[in-house]
Amino acid sequence: MLAPQSSTRHPLWRERLGRVFSEVDAVFDDALDRGLPLLSDTGAGEWMDLCAWLARLGRGPEPVLAALEAWPEVAHAAGEAVMHPLREAIGTFQKSPNGRGIAPLLQSLPAVARRLPSEPALRRYLQLVVGLMQRTSVSIHGRHATEPSPGLPALLQAAPRLVAQVPLDGLARWIEAGIRAHGGHPQRQIAFFAAESDDSRALLQRERHGTLLMDAQRRLQCTLQSLWQWDATLVPQPVDAEAPLPQTWLANDGDADTPLWGLRLPEVLDEVNGISATTRYRLMIGHLALHRRHSQALVADNWSPLQRLAVECLEDARVDRALLQRCPGLRSAMQSLHPCPTLDSVDESRQSGLRVRLTRLSHALLFGAPKDALEDETLAAFDAALADGADSTAMSRLALGWAARSRRASDQFADVVFDGTQVDWRDDNRHLWRFIEDGDEEQSFDDAARRLPTHDEHGLPPRRHPEWDEAAQQLRPDWVSVYDHLQPAGDASEIDRLLQRHAGTARHLQRLLQHLRPQDRARLRRQVEGSELDLDAAVRALVDARASGQAVDTRVQMSTRPEGRRFAVTLLLDLSASVNDPVPGAPGETVLSLSRAAVALLAQAVDALGDQLAIVGFHSNTRHEVRMWHLKGFGERWSDGHPAARLAGVQGAFSTRLGAALRHAGDALLARPADQRLMLVLTDGVPSDVDAPDPQHLVADAAHAVRTLAGQGLPVHAVSVDRAADDYLRRIFGKRFSVVDRVEQLPRRLPEVFAALTR
């Protein structure tokens, strides 16, 4: 309800505002006292006109209260010229079902303006918000918007954090990707624009400056395995641009019997004090690795906070000393990153300087040069303890002594000085303590949202792959989750019966592939075992033995191997639900049964040829679940019988997310030593999945995957039994595809295609 005009300390401005809500009238004078010093007379008039206009919109007092509070800060940060684009944006909101978003827009605007302190930048931001609102508002009848945008409130709430993390161009690309990916799904849209979903954070990090953990992950994993002999998982954690230095921590995501270690690291880092982000990451993983190797958990009960902080300080220093002993080249980086605050920064009449003193002590323990007598004594005791092979318990005794002698009355103050006390690479030491008594300390900070990606009980953790967004012309990073499974065995006698049924085709293929078998053989001399004696090596070994009196060199045999052909081939088998369809004109046959026969004939022939062959089936159930079923590995022989049993057990189900399967299988094939490589795809339909309503999206993604693999030197050839496949196969594979018009000919045609491609 509008309140009557009342007398105020600012009668002229109050009269210009006119009749307003009683809630507004109660805070009007205080708002003007804060706002008028920040505005010119013209700007103040526009402010009152804005508030009066908002009061007439019929949206209640919230927009007016928000404008009274927000506009002076916005105008002071970005200029009073922002008023015009702001009123345009509010007008667009008012004419749509999103009128309730006016107050949140105004409330979030001061924080946004502090990050975008110019009229062009803030105008661009408002255009992005309005564009999102218009494109995601729900239209039930297909013409006019009838329901508000689900993602708009989430975006407005997250906006101050988003503009602090990415430039406006990056924010625009992120919003575009979110609209295209989740424009038709309200709940996913809310999670995306709140920057809470995995894909949202991954896309957001792509637009940030600095080094992403995912880009440095391969090098860091190699460092972790080679230097620290530890095969742990690196788990990226969100980074808030407004927060202090991100802390790392070590977590066991398995159990006591089967630990699954995860190193929680910030998902993006910048260069600091001339120290690169990669070096900062290396310091973090080295510190955590040595904590796991040298630190023992201590019982935390009956320790005061001061004592626990002192124990953590000395234990961290002990671990960092071990790190410097192993990697002395990191010393300069540590010195650049380790703060050494002054005691003058603490007002001990009202502040606690405990963390400042501990940081100074840590600096002295690592780099020497203590600043007072207590630090000097502690350093001497610390060095002596390290010389005696001290452990965590010894550090705790030293820490208790330091805490008892350094205690001050100001340590009890709640106002603790944190500035300049965080050591960049150190973790939060949660693994250093265990609790016996029930209490608040036992609360787990590893909530489900920060755990490793879930995986099947009998499978491996998923591997993330990107997916190409044709409309946005960019990759969606870590978009698809691919799971590897060993295909359960079936009845191998079914494959034997299939081979007997196609015995004539098998004989034809043997004659065809006989011409591909290498005829030349290379001699391998100086072998321990072989088919004949290497006379030269035998004479040399005998002479050496008689001259030196040492044992005879036993490498006096010689063997041979075929020369001239080292081929590695992956057969990617489409196992979507459509392979269960019956084949017209072939009673009792399905696409799957004929595919089994074709694969068995090919595998039998390649086994005799001596080429390396891997067989992998795949299907998908949304981007979160792409299953790779391994039927035969490169090192397995078809004659062993196990691959045939697995082939008998395959079943068709779900959909065909071809691009993810190509990327996953391609990575494994490219890592295989060979002179030549080939990926052969056997499919029966167009790529599709239930979460991809645009039929061309997955076609474009598969085409991008094929182009990427071709650029890495891996050709991909498709064999399809879909008669209408020419158009989409040409778009995906270019000229590298073959169409089998009659499905019943597949057992003969697939090996013939292989022979033609590997000739």
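In this structure a side-chain-to-backbone donor-acceptor pair under 3.5 Å is present from Gln189 to Gly151. Side chain of Asp391 to backbone of Ala394: a donor-acceptor contact under 3.5 angstrom is found. Not one N or O on the side chain of Asn273 forms a donor-acceptor pair closer than 3.5 Å with the backbone of Ile275. Panel note: side chain Gln296, backbone Ser392; a donor-acceptor pair is recorded below 3.5 Å. Judged by distance alone, the side chain of Ser108 and the main-chain N or O of Leu105 form a donor-acceptor pair under 3.5 Å. Between the Ser200 side chain and the Phe192 main chain, a donor and an acceptor come within less than 3.5 Å of each other.
Taking each heavy atom of Tyr125 and Ala159 in turn, the nearest pair found is OH-CB, 3.3 Å. Summarising the geometry of Arg115 relative to Ala164, their closest heavy-atom pair is NE-CB, 3.4 Å, with the distance given to 0.1 Å. Looking at every heavy atom in both residues, Ala399 comes nearest to Leu314 through N-CD2, 3.9 Å. Ala44 and Leu36 make their closest contact through CB-CD2, 3.6 Å (heavy atoms, listed as atom of the first residue, atom of the second, distance). Here the closest heavy-atom approach between residue Arg161 and residue Ala194 is recorded as NH2-O, 3.3 Å. Scanning all heavy atoms of the two residues, the minimum distance from Pro370 to Leu379 falls at CD-CD2, 4.0 Å.
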Inset, instruction - May I have the step-by-step check of side-chain contact (heavy atoms from CB on, under 4.5 Å) for Leu250 and Asp427, ending in yes or no? - result: CA-CA 8 Å; Leu250 177 63; Asp427 62 300; 5.6 Å; no
Legend entry - Step-by-step side-chain contact (heavy atoms from CB on, under 4.5 Å) determination, Leu155 to Leu128: CA-CA 11 Å; Leu155 177 72; Leu128 291 176; over 6 Å; no
Inset, instruction - Step by step, work out the side-chain contact (heavy atoms from CB on, under 4.5 Å) result for Asp424 and Met334. - result: CA-CA 9 Å; Asp424 183 83; Met334 278 192 181; over 6 Å; no
Inset, instruction - Decide yes or no on side-chain contact (heavy atoms from CB on, under 4.5 Å) for Leu220 and Gln217, but give the supporting numbers first. - result: CA-CA 5 Å; Leu220 296 175; Gln217 189 162 1; 5.7 Å; no
Inset, instruction - Starting from the C-alpha separation in whole Å, work towards a yes-or-no answer on side-chain hydrogen bond (donor to acceptor under 3.5 Å, both in side chains) for Gln474 and Asp469. - result: CA-CA 6 Å; Gln474 65 177 0; Asp469 186 342; 5.6 Å; no
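Distance check, rounded to the nearest 0.5 Å: CG of Leu265 to CZ of Arg280 gives 11.5 Å. In this structure, Asp347 CG and Asp415 CG are separated by 9.0 Å, a value rounded to the nearest 0.5 Å. With values rounded to the nearest 0.5 angstrom, Arg264 atom CZ is found 15.0 Å from Met284 atom CE. Leu263 CG to Leu288 CG: the interatomic distance, rounded to the nearest 0.5 Å, is 4.5 Å. The distance from atom OH of Tyr281 to atom OG1 of Thr211, rounded to the nearest 0.5 Å, is 7.5 Å. The distance from atom CG of Leu171 to atom CD of Glu207, rounded to the nearest 0.5 Å, is 9.0 Å.
Looking only at side-chain heavy atoms (C-beta outward), Val166 and Arg173 stay at 4.5 Å or farther from each other. A heavy-atom distance below 4.5 Å is found between the side chains of Arg434 and Val299. Side-chain contact between Phe193 and Leu156: absent, with no pair of heavy atoms (C-beta onward) separated by less than 4.5 Å. Within the 4.5 Å cutoff, no side-chain heavy atoms of Thr248 are placed close to those of Trp425. Under the 4.5 Å side-chain criterion, counting only non-hydrogen atoms from C-beta, Ser304 is in contact with Gln307. Taking the side chain as every heavy atom from C-beta outward, Leu204 and Leu162 approach each other to under 4.5 Å. The shortest distance between side-chain heavy atoms of Pro85 and Leu122 does not fall below 4.5 Å. Between Asp316 and His287, some side-chain heavy-atom pair lies under the 4.5 Å cut-off.
A salt bridge does not link Glu467 to Arg623: none of the charged nitrogens lies less than 4.0 Å from a carboxylate oxygen. Ionic pairing of Arg321 and Asp383 is present here: one or more N-O contacts between side-chain nitrogen and carboxylate oxygen are shorter than 4.0 angstrom. A salt bridge links Arg318 to Glu315: one of the charged nitrogens lies within less than 4.0 Å of a carboxylate oxygen.
Applying the 6.0 Å contact sphere to CG of Asp419 captures no more than 12 heavy atoms from other residues, nucleotides or ligands. Within a 6.0 Å radius of CD in Gln229, more than 12 heavy atoms belonging to other residues, nucleotides or ligands are found. Within a 6.0 Å sphere centred on NE2 of His624, heavy atoms belonging to other residues, nucleotides or ligands number more than 12. Around CD of Gln127, the count of heavy atoms belonging to other residues, nucleotides or ligands within 6.0 Å exceeds 12.
Applying the ring-ring contact (aromatic ring centres under 6.0 Å, His included) test to residues at least two apart or on different chains, none of the pairs has a partner in residues 370-405.
The side-chain contact (heavy atoms from CB on, under 4.5 Å) test applied to Ala181 returns Arg476, Trp479, not counting sequence neighbours.
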Got a list of side-chain donor-acceptor pairs under 3.5 Å for residues 356-368, not counting sequence neighbours?
{"residue": "Arg357", "atom": "NH1", "partner": "Asp411", "partner atom": "OD1", "Å": "3.2"}
{"residue": "Arg357", "atom": "NH2", "partner": "Ser406", "partner atom": "O", "Å": "3.2"}
{"residue": "Arg357", "atom": "NH2", "partner": "Asp411", "partner atom": "OD1", "Å": "3.3"}
{"residue": "Arg357", "atom": "NH2", "partner": "Asp411", "partner atom": "OD2", "Å": "3.0"}
{"residue": "Thr359", "atom": "OG1", "partner": "Arg355", "partner atom": "O", "Å": "2.8"}
{"residue": "Thr359", "atom": "OG1", "partner": "Thr421", "partner atom": "O", "Å": "3.2"}
{"residue": "Arg360", "atom": "NH1", "partner": "Pro341", "partner atom": "O", "Å": "2.9"}
{"residue": "Ser362", "atom": "OG", "partner": "His338", "partner atom": "NE2", "Å": "2.8"}
{"residue": "Ser362", "atom": "OG", "partner": "Arg426", "partner atom": "NH1", "Å": "2.9"}
{"residue": "Ser362", "atom": "OG", "partner": "Arg426", "partner atom": "NH2", "Å": "3.0"}

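With a 6.0 Å cutoff to the six-membered ring centre and a 45° limit on the axis angle, Arg326 counts as a cation-pi contact of Trp228.
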